[in-house]
Amino acid sequence: MRDPDHGARPAENGASAADRGEGHKHVPRGGKGKRRRRRPSGSPSAVASQSGQAGEAGRPAGLEVAEPARKRKRRRRSKAARPQGQTATAGSGGSVELVDAAITDKKGHKRSKKARHRRGLQGRPLASNGKAHVTERPGDQRGAETAAASQSAQASRPENLRAPFVTAGEPQAPLYAALDLGTNNCRLLVAQPTRPGQFRVVDAFSRIVRLGEGLGASGRLSDDAMERSVEALKICAAKLNARSIRRRRLIATEAARSAANGETFLKRVAEETGLELEIIDRETEARLAVSGCSSLVDRETRSVVLFDIGGGSSEIAIIRIGDNRSSRLANHITHWTSLPVGVVTLSERHGGEHVTPQSFEEMVREVEGMLARFDSPPVEALANGASGNGFHLIGTSGTVTTLAGVHLDLPRYDRRKVDGLWLSDDEVSAMQSRLLSWDFEARAANPCIGPDRADLVLAGCAILEAIRRRWPSTRMRVADRGLREGLLTDMMADDGAWRRARPRRHRNFNGGTANQEGSKAHEGNKAHHGNKAHEGNRAHEGNKV
């Protein structure tokens with residue numbers, strides 16, 4: 001029997017109604033119809049501890065186990081809002097389940113309550129799959145419009161937004177292309193400017209074609225050599241046509257310059273590939289070689305002897321740098337010469353496969369005779385003092401890069417380790433003696449030489465030895481770069497690609513310039529653009545040439 005005066009008198013022996021096993025009853029207090037305060041949040045209900053007793057009307061007691069008050073409040077709110085947007089769906093066993101239409105996605109799949117209320121730090125919705133999370137409310141179109149605008153902005157974003165010095169709202173850096181068809185190689189570079197004086201390589205191609213094969217004996221380009229060159233140039237044409245190139249320059253050097261049928265060959269190239277090549281003179285070739293190596297000359301260097309050992313000719317430039325250093329290193333050339341000898345022509349005259357110390361010395365003396373006719377300043381004037389620290393050699397050719405690769409004992413040639421490497425005079429002499437001791441098979445087996453250069457490398461060493469005897473230096477710097485880099489550098493400098501716009505000076509409220517206040521704003525702008533974009537720029541600048 002229930003006590004009719006239960007709500008009017010206090011609990012006996014200090015026990016509450018819940019402790020005595022009585023259920024939650026809506027009993028008036030003080031005659032005003034208010035409900036009795038429930039137990040604190042997180043405490044289990046008394047009904048849950050009594051198996052078989054009922055909790056609230058219409059709810060099994062098992063669902064009330066350890067249920068916090070906030071979950072009960074959330075359930076009541078969802079039940080109160082359910083009549084406005086409920087849809088009836090057939091459940092298992094023929095029962096009917098009430099599903100809230102506001103929590104179904106576009107495909108009709110029901111989303112869990114946990115997914116709908118997923119929140120991150122500071123109350124922000126968590127993003128999924130890289131897409132911005134937009135909360136949609138029933139009857140509110142602003143959420144859908146915001147999501148559509150976000151998706152359209154991401155779709156219109158260019159894929160190469162992380163190009164060097166490209167941020168939101170700035171145009172993409174233009175592309176430049178340079179092609180060098182030499183006596184031995186056909187090379188192509190496509191790049192875009194990055195930091196002042198530097199650029200990032202986008203695409204590259206190199207193939208040994210030996211265009212000057214047999215040129216020294218016949219004075220003409222052979223049919224096989226022209227066929228190999230045309231096939232390589234077709235690949236270059238396909239690469240150039242696949243990109244939007246702002247400026248390009250395509251050159252041919254000694255083989256096309258000295259061959260009797262050089263002009264005829266270039267016409268064939270234009271007809272079959274669509275590429276218009278120009279034959280440059282030797283002075284231009286020397287200046288381009290210097291321009292390509294500008295970044296390898298230190299600030300404290302006062303004089304440099306730069307040489308480019310090619311397939312059919314070798315260019316040598318004397319560079320003297322004063323106090324007023326120009327942005328273009330080629331402007332400091334005081335003397336230059338072009339020797340009509342290269343690795344291809346010299347190896348054909350003296351033999352490149354089986355080279356003895358006697359034949360090697362004969363090649364060196366032939367080149368020395370050509371250098372004797374070159375009028376250049378004495379070594380003492382270039383050394384700039386007894387220490388000679390202000391003078392050194394720079395070699396840009398396959399010969400010096402091969403020596404560097406053999407010196408480092410690389411398992412395969414790596415340009416990143418070779419370009420810019422310093423070699424002492426003793427190290428160069430040791431490498432030349434080592435190569436001279438190898439036979440043709442041993443040179444071909446070396447990964448930094450290969451069978452294509454095994455018969456040419458000792459002829460290049462002979463030209464290098466003649467240059468070292470004429471301008472003895474304690475050190476030499478290796479440059480894995482050449483005419484292509486010089487072409488790109490000159491084109492970018494002519495277009496002002498590295499000329500950065502001066503920052504705009506804003507006026508403050510007092511009428512003056514806000515330079516002091518702008519420093520903090522500038523830091524805020526950098527933070528606004530994001531650290532990821534800044535890291536992308538550095539990542540793109542990592543591949544510098």
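Note that the coordinates shown come from a computational prediction; the quantities given were computed from them, not determined experimentally.
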Have [X] and [Y] got a donor and an acceptor in their side chains that come within less than 3.5 Å?
X	Y	answer
Arg468	Ser429	yes
Asp281	Thr284	yes
Ser359	Glu361	no

Any donor and acceptor pair, going by atom type alone, linking the side chain of [X] with main-chain N or O of [Y] inside 3.5 Å?
X	Y	result
Asp308	Ala289	no
Trp498	Arg195	yes
Glu485	Gly482	yes
Arg207	Asn185	no
Ser303	Leu382	yes
Arg475	Ser424	no
Thr273	Val269	yes
Ser433	Ala430	no
Gln192	Ala173	yes
Arg477	Gly420	yes

Would you call [X] and [Y] a side-chain contact if the rule is heavy atoms closer than 4.5 Å?
X	Y	result
Ser338	Ser313	yes
Val428	His407	no
Thr401	Tyr413	yes
Arg268	Val230	yes
Val209	Asn184	no
Asp375	Thr337	no
Val202	Arg200	yes
Ser473	Phe391	yes

Practice prompt. Could you check Leu435 against Cys461 for side-chain contact (heavy atoms from CB on, under 4.5 Å), going step by step and ending with a plain yes or no?
Written response: CA-CA 9 Å; Leu435 292 178; Cys461 290; 4.0 Å; yes
Show every side chain to side chain donor-acceptor pair (under 3.5 Å) that has at least one partner inside [range], sequence neighbours left out.
range	answer
residues 247-256	Arg247-Asp495, Arg249-Glu278, Glu254-Arg257, Glu254-Arg282
residues 231-245	Asp203-Lys239
residues 437-456	Arg210-Asp455

Return the minimal non-hydrogen interatomic distance between [X] and [Y], and the atom names on each side.
X	Y	answer
Glu427	Trp422	OE1-O, 4.2 Å
Ile463	Leu346	CG1-CD2, 3.8 Å
Ala252	Leu266	CB-CD2, 4.5 Å
Cys186	Cys236	SG-SG, 4.1 Å
Phe360	Ala462	CE1-N, 3.5 Å
Val364	Ala466	O-CB, 3.9 Å

Looking at Glu263 and Lys267, does any basic side-chain N land under 4.0 Å from a carboxylate oxygen?
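No.
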Original post:
Quick one: do Lys417 and Asp480 make a salt bridge, cutoff under 4.0 Å?
Top reply: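 Here Lys417 does not pair with Asp480 in a salt bridge, since their nearest N and O are not under 4.0 Å apart.
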Answer yes or no: does atom CG of Asp494 have more than 12 heavy-atom neighbours from other residues, nucleotides or ligands under 6.0 Å? yes
(message) Applying side-chain contact (heavy atoms from CB on, under 4.5 Å) to Ile251 and Ile279, what does each step give before you reach the verdict?
(response) CA-CA 6 Å; Ile251 64 171; Ile279 299 177; over 6 Å; no
Criterion side-chain contact (heavy atoms from CB on, under 4.5 Å) on Tyr176 and Met492, from CA distance to verdict: CA-CA 8 Å; Tyr176 294 82; Met492 294 177 185; 3.8 Å; yes
* To do: List the steps and the verdict of side-chain contact (heavy atoms from CB on, under 4.5 Å) for Glu368 and Glu465.
  => CA-CA 9 Å; Glu368 282 182 327; Glu465 180 63 22; over 6 Å; no
side-chain contact (heavy atoms from CB on, under 4.5 Å) with Leu288: of Thr489, Leu488, Asp180, Asp490, only one passes, and it is Asp490
